[in-house]
**Q** 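I'd like to ask some things about the structure below.
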Number of protein chains: 2
Amino acid sequence: MRTPHATIEAAPTSRATGTSAPSTAGPSTGKGAPGVASEPASTGVRTRSQHQRRKRIVQAAAALASRGGVEAMQMRTVAERAGVALGTLYRYFPSKMDLVVAVVGEEIDLLENSIERRPPSAVTPSGRAVDVLMRATRGLMREPELADALIRSLIMAEVETPFGDRMAGLLLRVAGDGLTAETATEEQFALTGSLSSVWVHELLEMLRGRRTHEQVQRRVEIAAARLLADFTATPSA
Amino acid sequence: MRTPHATIEAAPTSRATGTSAPSTAGPSTGKGAPGVASEPASTGVRTRSQHQRRKRIVQAAAALASRGGVEAMQMRTVAERAGVALGTLYRYFPSKMDLVVAVVGEEIDLLENSIERRPPSAVTPSGRAVDVLMRATRGLMREPELADALIRSLIMAEVETPFGDRMAGLLLRVAGDGLTAETATEEQFALTGSLSSVWVHELLEMLRGRRTHEQVQRRVEIAAARLLADFTATPSA
DNA sequence: ACAATTAATAGAATCTGTTCTACTTTTCGA
DNA sequence: TCGAAAAGTAGAACAGATTCTATTAATTGT
């Protein structure tokens, strides 16, 4: 029943109610319904104007969310601000969540760049991890409304969300000296993943006004100290 | 503005559109939460019929959610099933989330009872904690739709949600021998809290179909082993 | 018992995410 | 260059949560 139009995005969220069709979902019967057009890879690229449109949309969305939060980020408003039709917005982002995920993506990019520019300097793995996490915290808390909206939505996302995994991967890199998703043991992966989820939880509590910045730091430190103790030393197994 | 009717519940959720009202949500101390310094203090107690109405509502909600998930748990339907008017439902539960929170409360009660009846027998704190968490996992996964709906909504909740805290308290009790929120150190509290958030995250991943029961168990064990090592001040555990 | 206050009810109305329709403009291959 | 398919557009339509209105029971103080 769910007929997600013909998506432009590669990995739409689309609530998995029923059939979570792989990417290019079956188009509706009403319209042209061209055989799913194999892969948009034909032209492979988005037109420049499409890139721009997309950018404008994400920008508008972020702008709106950075004030009023998700509530202020209404699809109609976003479309209007971005200068596209509601239908177009939905073609680019099949659901509000997809839009949120896109906005989050930008934020994480920012963090990764920051880390690349100025890598954490602490000597212990947990020290470096805490450094990165608190840096991310500060970055996100600069726009609390946005952060709130983003984190929440991400946790809610039904499908593959780049957030947790990207964060865990990031921690893996900074904590384990040069570790990557490939060279890490399952346990190491689990550990950074756990730390990541602790951090997300603390962030949420902070956004709820139930934690101060200091408390978050303390708790993250406590968890990191234990989770990442002898991180690069004992492959255990 | 925002005239939340005259709520019957003590801690309504009410999205904080604009200026988050003082949100007298601060009870948390167990159920009952008398007074709260509000107007409902007049009669103090709810009539029997009100208890019943409330019960019917929560029941209907749980029943609906245990099938179709939150989606099937529509306010109109709940009201109808419970035999109350939509307005009445909203008087008892100012938002859908409040209703969800109530349903969750019942689930946690169940778990607590289960633990009381059959306390975890493992010898290490982390062993006992894992026991409890996996028991909770099995309980929740018995009704995946419900679990999904509940967990998600709780994480989304804007305000004070009994979930994380209650879970952390529970872990505190089973891990630290007879510890309570009062006798525990801040660090111990932080640690059980962290373990709780790791568990919630794994549960979510499981609901998303990205983890098997075994994987969850393994990851929870890994995290618990580190977080709760020497939990009761006994190095080398 | 009786007026005033509070709780409930039915149902309309509002708000916002999402879908649908009918049409116009772009893009692009032949 | 021509024309079909894709992409865009405007705006109506639909759905479900939440709010509002008018009216009818209950409850309670005196």
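Each chain gets a letter, A, B and so on, in the order its sequence line appears, and its residues count up from 1. When reading the values below, keep in mind they use all heavy atoms of this one structure, side chains included, and skip hydrogens, waters and symmetry mates.
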**Q** Mind checking salt bridge (Lys or Arg N to Asp or Glu O under 4.0 Å) for Glu205(A) and listing every partner two or more places apart, or none if nothing turns up?
**A** Arg208(A), Arg210(A), Arg211(A)
**Q** For Glu71(A) and dT18(D), give me the distance from atom CD to atom C1', rounded to whole Å.
**A** 12 Å
**Q** Dump the intermediate steps for side-chain contact (heavy atoms from CB on, under 4.5 Å) on Thr192(B) and Met167(B), then the final yes or no.
**A** CA-CA 8 Å; Thr192(B) 53; Met167(B) 216 57 192; over 6 Å; no
**Q** Hey, is the side chain of Gln50(B) poking within less than 4.0 Å of OP1 or OP2 on dT6(C), counting only N and O atoms?
**A** no
**Q** Roughly how many Å is it from NZ in Lys96(B) to P in dA15(D), rounded to a whole number?
**A** 16 Å
**Q** Give the table of side-chain donor-acceptor pairs shorter than 3.5 Å for residues 100-110 of chain A, with sequence neighbours excluded, one pair per line with atom names and distance.
**A**
unit_1	atom_1	unit_2	atom_2	d
Asp109(A)	OD1	Arg166(A)	NH2	2.8

**Q** Can you measure Leu89(B) atom CG to dA7(C) atom P for me and round it to whole angstrom units?
**A**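 For the pair Leu89(B) CG and dA7(C) P, the rounded distance is 16 Å.
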**Q** Within the structure, does a side-chain N or O atom of Tyr92(B) lie under 4.0 Å from either OP1 or OP2 of dA8(C)?
**A**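 For Tyr92(B), the contact criterion (side-chain N or O under 4.0 Å from OP1 or OP2 of dA8(C)) is met.
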**Q** Report, one line per pair, each donor and acceptor closer than 3.5 Å where one atom sits in a side chain of residues 193-201 of chain A; sequence neighbours left out.
**A**
unit_1	atom_1	unit_2	atom_2	d
Ser194(A)	OG	Ala190(A)	O	3.0
Ser197(A)	OG	Ser194(A)	O	2.9
Trp199(A)	NE1	Leu133(A)	O	3.4
Trp199(A)	NE1	Thr137(A)	OG1	2.8

**Q** How long is the line joining CZ of Phe93(A) and C1' of dT19(C), in whole Å?
**A**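 Going from Phe93(A) (CZ) to dT19(C) (C1'), I get 18 Å.
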**Q** Measure CG/Leu64(B) against C1'/dG16(D) and give the value in whole Å, please.
**A** 14 Å
**Q** Pair up each side-chain donor or acceptor in residues 79-88 of chain B with any protein partner under 3.5 Å, not counting sequence neighbours, and list the distances.
**A**
none

**Q** OP1 or OP2 of dT9(C) versus the side-chain N and O atoms of Thr88(B): is any pair under 4.0 Å?
**A** yes
**Q** I need the CG-C1' distance between Leu99(A) and dT18(C), as an integer number of Å.
**A**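 Nearest whole value for this atom pair: 14 Å.
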**Q** Using heavy atoms to find the nearest nucleotide of DNA chain C for Arg53(B) and Leu86(B) separately, return the residue whose nucleotide is more 5′.
**A** Arg53(B)
**Q** Report the distance from atom OH of Tyr90(A) to atom C1' of dT19(C), rounded to the nearest whole Å.
**A** 9 Å
**Q** For Arg135(B), check salt bridge (Lys or Arg N to Asp or Glu O under 4.0 Å) against everything at least two apart and list the hits.
**A** Asp131(B)
**Q** Mind calculating the distance between CZ (Arg91(A)) and P (dA7(D)) to the nearest angstrom?
**A**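 So the CZ-P distance, Arg91(A) to dA7(D), works out to 5 Å.
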**Q** Quick one, which residues of residues 76-85 of chain A touch DNA chain C with a heavy atom under 4.0 Å?
**A**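 Hits under 4.0 Å, by residue number: Arg76(A).
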**Q** Please step through side-chain contact (heavy atoms from CB on, under 4.5 Å) for the pair Glu202(B) and Gln215(B), ending with a clear verdict.
**A** CA-CA 9 Å; Glu202(B) 291 302 321; Gln215(B) 288 173 314; over 6 Å; no
